[in-house]
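What you see is a predicted model; the values in this text were computed from it and never measured.
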Amino acid sequence: MSSSACHVFQVRSLYKRILLLHRTLPLDLKALGDQYVKDEFKRHKTANPTEAKRFMKEWDSYAALIEQQAKEKVSKPVEKVYYGKHLPEEKLHDLREEQLGQLHELMQEATKPNRQFNVSEDFEQKK
């Protein structure tokens with residue numbers, strides 16, 4: 001397998017892994033996360049090798065975090081699970097202006113008071 005084909009395989013595998021992990025999230029976060037992942041992976045299709053390496057590393061870390069939080073949700077079902085993690089200030093300084101704008105939009109969408117779905121109602125209706 002050529003290095004290019006290997007890279008494509010790794011990108012697709014990570015993309016699929018993230019979408020599978022999003023199935024463990026509440027519906028509104030899953031919808032938001034799926035759309036964001038799709039947009040980001042499309043946006044970085046033509047990234048240079050340095051950017052691509054950093055992109056893959058960050059998304060791999062994200063997948064590991066979501067996997068860990070999903071396991072916590074299963075092992076401690078009565079406790080409230082918090083998804084994601086605090087973004088250190090030094091990481092913010094590394095972001096370009098465009099990335100800061102995207103992050104701000106994502107934060108606004110994720111913290112909207114009127115969520116698109118009410119997870120408890122959706123769950124109760126399926127019983």
Should the pair [X]-[Y] be classified as a salt bridge under the 4.0 Å nitrogen-to-oxygen rule?
X: K38; Y: D34; result: no
X: K73; Y: E67; result: no
X: K45; Y: E40; result: no

For a quick test of reading the model, state the closest non-hydrogen atom pair linking [X] to [Y] and the distance between them.
X: L87; Y: L92; result: CD2-CD2, 3.4 Å
X: G84; Y: Q69; result: O-NE2, 2.7 Å
X: E51; Y: N48; result: N-OD1, 2.8 Å
X: A47; Y: A52; result: CB-N, 4.1 Å

Next on the checklist: Check for me whether the distance between the ring centres of H22 and Y15 falls short of 6.0 Å.
Outcome noted: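 That pair fails the under 6.0 Å test.
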
Next on the checklist: Just checking F41 against W59, ring centres under 6.0 Å apart?
Outcome noted: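 Centroid distance F41-W59: below 6.0 Å, so yes.
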
Next on the checklist: Please determine whether side chain to side chain contact (heavy atoms under 4.5 Å, CB included) holds for the pair V74 and T24, giving the CA-CA distance in whole Å, both sets of side-chain angles, and the decisive distance to 0.1 Å.
Outcome noted: CA-CA 10 Å; V74 170; T24 66; over 6 Å; no

Checklist entry - Does CD in E97 sit with more than 12 non-hydrogen atoms of other residues, nucleotides or ligands closer than 6.0 Å? => result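 Atom CD in E97 is not packed in, count stays at 12 or less.
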
Item to check | CD/Q108: more than 12 non-hydrogen atoms of other groups inside 6.0 Å | outcome: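 Check passes, neighbour count above 12.
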
Going from [atom1] on [X] to [atom2] on [Y], what distance comes out if it is rounded to the nearest 0.5 angstrom?
X: I18; Y: R23; atom1: CD1; atom2: CZ; answer: 14.0 Å
X: K71; Y: K76; atom1: NZ; atom2: NZ; answer: 13.5 Å
X: R43; Y: Y36; atom1: CZ; atom2: OH; answer: 7.0 Å
X: L100; Y: M107; atom1: CG; atom2: CE; answer: 11.5 Å

Checklist entry - K53 and E58: salt bridge (charged side-chain N to carboxylate O under 4.0 Å, His left out), yes or no, with the steps? => result CA-CA 9 Å; K53 186 175 182 177; E58 292 296 329; over 6 Å; no

Next on the checklist: Show, in sequence, the C-alpha distance, side-chain angles and deciding distance for L25 and L32, and conclude whether the side chain to side chain contact (heavy atoms under 4.5 Å, CB included) test is met.
Outcome noted: CA-CA 10 Å; L25 299 174; L32 179 63; over 6 Å; no

Next on the checklist: When you group the ILVMFWY residues by side-chain heavy-atom contacts below 4.5 Å and let the links chain together, are L106 and I66 in the same group?
Outcome noted: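 Result: yes, single cluster for both.
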
Validation row: [X], [Y] side chains within 4.5 angstrom (heavy atoms):
X: Q102; Y: E105; answer: no
X: Q68; Y: L65; answer: yes
X: K16; Y: S13; answer: no
X: K30; Y: L21; answer: no

